[in-house]
Asker: 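My structure is below; once you've seen it, I'll send some questions.
Counting starts at 1 for both ligands and their atoms, following the listed order.
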Amino acid sequence: MGQVEKGRIAFMEKKTYVLLENYMLSCMDDSAHDSGHIYRVLYNALEIARTEKDVDYDVLIAACLLHDIGRKEQFENPALCHAKVGSEKAYGFLVEHGFEADWAGKVRDCIRTHRYRQSDLPQSLEGRILFDADKLDVTGALGIARTLIYKGIVSEPLYSLLPDGTVSTGEGDSSPSFFQEYKYKLENVYESFYTVRAVQIAKERQHTAVEFYECLYREVSRLYLDGREELDKYIYEDFS
Ligand code: FE
């Protein structure tokens, strides 16, 4: 089995898509990286690809579908990197199902380099599109919603309190919370894209995330400030 070339564009055969989709579905089971995430990454990638030249759609679609199949292994053993594990799993699956090693290797490279790191950066156009498409799912309302779901699953709070009892913005916090994640990751994701289209999409979504964070911070910090002042009126210490 291999790719079909129509003009300069490599398409994917329907039965290949179904095979990879079913394999992906059998591997997914955490809510922040459920199959919804995979389809959004795939559709983000297709939107980015429309603005790029000579995209190998066969490689791109396969890499998008399979990019997070190593999540379960990383969840069970946090020392493992899901991008690395997933890339090898994908390669093994593809070769086992009769795809050419060269093609499977291109898919493997995209998956291995899709995670944000200082080294082993994506080299191919398809790898860069996958990287951007994956990061776009951390932007805007979606990024907020996914983070809140995840924080709920791992039972982490929305925010932490500072030693003086006020609500922390999340900046520099050592204990995990939604605000900490926002300051550490969500706020900074907007600068790290390879493609022009991804930067545009991210910028369009950014204000929603910023506004949500700022509204939530204002609401809770005001409550703590006013609420504690009000509470003090009704609490007395008996020194007798
Ligand atoms: Fe992902």
Asker: Would you call Y23 and K89 a side-chain contact if the rule is heavy atoms closer than 4.5 Å?
Answerer: yes
Asker: Mind checking whether F178 and Y182 have parallel, tilted or perpendicular rings, split at 30° and 60°?
Answerer: tilted
Asker: Considering just N/O/S atoms, say which atom of H37 is closest to the Fe ion (ligand 1).
Answerer: NE2
Asker: Does some side-chain heavy atom of Y224 sit less than 4.5 Å from a side-chain heavy atom of Y159?
Answerer: yes
Asker: Could you verify whether a donor N or O on one side chain and an acceptor N or O on the other, from T113 and D120, lie under 3.5 Å apart?
Answerer: no
Asker: The Fe ion (ligand 1) to D137: any N/O/S contact under 2.8 Å?
Answerer: no
Asker: The Fe ion (ligand 1) is nearest to which N, O or S atom of D134?
Answerer: OD1
Asker: If the plane angle is over 60° it's perpendicular, under 30° parallel, otherwise tilted; pick one for F131 and Y194.
Answerer: perpendicular
Asker: With respect to the Fe ion (ligand 1), please indicate if H67 possesses an N, O or S atom at a distance under 2.8 Å.
Answerer: yes
Asker: I'd like the atom name of the N/O/S atom in D68 lying closest to the Fe ion (ligand 1).
Answerer: OD2
